[in-house]
Amino acid sequence: MSRIYRGQAQMEALDTYFVDAVQLARNAAQWLQPRNRNALLDPASIEAGQARAALTTFFGVQFGAGPVPALSQDDTTFLNTLQTVYAAMATALNTWTVYIEYAEREDHDAQDYASARPPVVFPGPDGEVNPADPKSFRATWRDVRNNMNRGTRSYIFEHNGMPVVASPARDLAFRIELNIRFREADAQLKQETILHEMSHVLADTNDYDNVYADTIVQARQICAARGADLARDLADCWGFFPFDLPGR
C-alpha cells in the first residue's frame, strides 16, 4: 500500500527516515549557498575544512593551494548546481507529492534498496497517468533536470508537440518503490536511499555496475575511486555526501 506524502501539513505523519532526509538535504543546500562561499573557503574553520574534504571525496572538487582555498570556474559551477539540487530535494520532499510504497514481490530487486520513476504530470488520484486527461503523461528525468536548470517556479514540458505548464508542488507526482533490502536497512541507509532516489529525480543521476555502498566508508571509497566526472553522476555519491557535512 502506498504512503502518500504531500506537503508540510503531513510532516508529523512521516517516517523518521523521511523527515531526516529533508533535514540532510536542507543542511547540504545551506553549506553550498553561493552567499556562504567565503565561509566554505575559510582556511581557519575546522567545519569548513570538513565540508571541503567531503566535496573532494565524494565529487572530486579541488581546492587550490594557498593561504585561502580557491575553486576553479568549473568547480564553482558544479557547487552551484549541487546547491540547487539539494535545495530542490528539500523542497520536493517537504511540499511535493511523493508516493512511497513497497514493490510487488515479483518486482523486487534483490540487489537494490529502492527505485524511482520519472514523475507523472497532472496525475490521476493514484499518482499514475490519468487516461481521461489528455494533458496527463509521464515525464522523463531529463525533462525535470532541464526545468531545474531553468530555475523557475513553474515547469514547462512538451507533450504531443505542445508546451504544458505545471506547478511541481501541485501538478506532479513522484513515486519511490522500496525493495526488501530497504526494510532491513539501518536508519542511515534509509535516509541515504531517499536522497539517492531523489537525485535520480532531480539531477538525472545514474547507477553503475549494480555496485551500491552499504556504509558511508564504502561510499567514500567508491566515490573517490570513480573520479570527478563519474562521481558527479553517481547517485550514491549524492546520497551519502550530506552525512559528512557539519551540522547535520
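Residue indices begin at 1 and follow the sequence shown. As the structure is a computational prediction, the values presented were derived from the model and not from experiment. Just so you know, these numbers use all the heavy atoms, side chains as well, and skip hydrogens, waters and symmetry mates.
- For the residue pair Asp143 / Thr140, a side-chain donor-acceptor distance below 3.5 Å is found, with atom types taken as modelled.
- A donor atom on one side chain and an acceptor atom on the other are found under 3.5 Å apart for Arg37 and Asn80.
- Checked by atom type and distance alone, the side chain of Arg153 never pairs as donor or acceptor with a backbone atom of Ser167 at under 3.5 Å.
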Atom pairs and distances, donor-acceptor, side-chain atoms in residues 222-240, under 3.5 Å, two or more places apart:
{"residue": "Arg232", "atom": "NE", "partner": "Phe59", "partner atom": "O", "Å": "2.8"}
{"residue": "Arg232", "atom": "NH1", "partner": "Asp75", "partner atom": "OD1", "Å": "3.4"}
{"residue": "Arg232", "atom": "NH2", "partner": "Phe59", "partner atom": "O", "Å": "3.3"}
{"residue": "Arg232", "atom": "NH2", "partner": "Asp75", "partner atom": "OD1", "Å": "2.7"}
{"residue": "Asp233", "atom": "OD1", "partner": "Asn206", "partner atom": "ND2", "Å": "3.2"}
{"residue": "Asp233", "atom": "OD2", "partner": "Asn206", "partner atom": "ND2", "Å": "2.8"}
{"residue": "Asp233", "atom": "OD2", "partner": "Tyr208", "partner atom": "OH", "Å": "2.3"}
{"residue": "Asp236", "atom": "OD1", "partner": "His196", "partner atom": "ND1", "Å": "2.8"}
{"residue": "Asp236", "atom": "OD2", "partner": "Ala213", "partner atom": "N", "Å": "2.7"}
{"residue": "Trp238", "atom": "NE1", "partner": "Arg232", "partner atom": "O", "Å": "3.0"}

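- Atom CD of Gln221 is separated from atom CD of Gln218 by 7.0 Å, given to the nearest 0.5 angstrom.
- Note on ring orientation: taking the six-membered ring where Trp is involved, the planes of His159 and Phe137 are parallel (angle under 30°, cut-offs 30° and 60°).
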(request) Go through Asn147 and Ile156 one step at a time and tell me if the side chain to side chain contact (heavy atoms under 4.5 Å, CB included) criterion holds. (result) CA-CA 7 Å; Asn147 277 290; Ile156 301 175; 4.3 Å; yes
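- Taking each heavy atom of Leu178 and Ala114 in turn, the nearest pair found is CD2-CB, 3.9 Å.
- By the rule that hydrophobic residues join a cluster once side-chain heavy atoms approach within less than 4.5 Å of another member, Leu41 and Phe78 end up as members of one cluster.
- Looking only at side-chain heavy atoms (C-beta outward), Arg145 and Thr205 stay at 4.5 Å or farther from each other.
- Considering all non-hydrogen atoms of both residues, Arg138 and Pro118 come closest at NH1-O, 2.8 Å.
- Both Met89 and Phe174 sit in one connected hydrophobic cluster of ILVMFWY residues. Membership requires side-chain heavy atoms under 4.5 Å apart, directly or through other members.
- Clustering ILVMFWY residues whenever any of their side-chain heavy atoms sit less than 4.5 angstrom apart, transitively, puts Tyr17 in the very cluster that holds Leu93.
- If you take CZ on Phe182 and CG on Leu189, they are separated by 9.0 Å, rounding to the nearest 0.5 Å.
- The minimum heavy-atom distance between Pro168 and Trp96, with the atom names listed, is CB-CZ2, 3.2 Å.
- Annotation: the span from Trp31 atom CH2 to Leu55 atom CG amounts to 10.0 Å, rounded to 0.5 Å.
- In this structure a side-chain-to-backbone donor-acceptor pair under 3.5 Å is present from Asp42 to Ala44.
- Using a distance-only test at 3.5 Å, with no hydrogens or angles considered, no donor-acceptor pair links the side chain of Asn27 to the main chain of Pro242.
- When all heavy atoms are compared, the tightest approach of Ala39 to Ala48 is O-CB, 3.2 Å.
- The backbone N or O of Ala132 lies less than 3.5 Å from no partner atom in the side chain of Ser136, so there is not a single donor-acceptor pair.
- Under a 3.5 Å cut-off, the side chain of His200 and the backbone N or O of Ala116 do not form any donor-acceptor pair.
- Listed for the Asn36 side chain is a donor-acceptor partner under 3.5 Å among the backbone atoms of Gln30.
- Under the 3.5 Å distance criterion, with hydrogens and angles disregarded, a donor-acceptor pair is assigned to the side chains of Asp214 and Tyr113.
- The line from CG of Asn179 to OG of Ser115 is 6.0 Å long, rounded to the nearest 0.5 Å.
- At a threshold of 4.0 Å, the pair Arg220-Asp244 counts as salt-bridged, since one of the basic side-chain nitrogens sits closer than that to a carboxylate oxygen.
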(request) Begin with the C-alpha distance, continue with both residues' side-chain angles, and end with the deciding distance and a verdict on side chain to side chain contact (heavy atoms under 4.5 Å, CB included) for Leu32 and Tyr86. (result) CA-CA 9 Å; Leu32 297 166; Tyr86 279 116; 4.0 Å; yes
(request) Would you sort out whether Ile194 and Lys190 count as a side chain to side chain contact (heavy atoms under 4.5 Å, CB included), showing the intermediate values? (result) CA-CA 7 Å; Ile194 298 300; Lys190 287 180 177 178; over 6 Å; no
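- When side chains are defined from C-beta on, Pro119 counts as touching Val144, because their heavy atoms get closer than 4.5 Å.
- With rounding to the nearest 0.5 Å, the separation of CD in Gln50 from CG in Leu245 is 7.5 Å.
- Evaluation of the ring-ring contact (aromatic ring centres under 6.0 Å, His included) rule for Phe122 yields no partner, not counting sequence neighbours.
- When hydrophobic clusters are built by joining Ile, Leu, Val, Met, Phe, Trp and Tyr residues whose side-chain heavy atoms come closer than 4.5 Å, directly or via intermediates, Ile176 is grouped together with Val121.
- Checked against the 6.0 Å centroid threshold, Phe243 and Phe58 do not count as a close aromatic pair.
- Using a 4.5 Å heavy-atom threshold, the side chains of Ser72 and Phe63 count as separate.
- Using a 4.0 Å cut-off between charged nitrogen and carboxylate oxygen, Glu197 and Arg175 do not count as a salt-bridge pair.
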(message) Run Leu79 and Leu40 through side chain to side chain contact (heavy atoms under 4.5 Å, CB included) and show every step you take.
(response) CA-CA 11 Å; Leu79 258 61; Leu40 176 65; 3.7 Å; yes
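- The backbone N or O of Met162 sits nowhere less than 3.5 Å from a side-chain atom of Asn160 that would complete a donor-acceptor pair.
- Side-chain atoms of Thr97 never come within 3.5 Å of backbone atoms of Ala173 as a donor-acceptor pair (strictly under, hydrogens ignored).
- If you chain together hydrophobic residues whose side chains sit under 4.5 Å apart, Leu82 and Ile216 fall into the same group.
- Checking side-chain atoms of Gln33 against main-chain N and O of Gln83 turns up no donor-acceptor pair under 3.5 Å.
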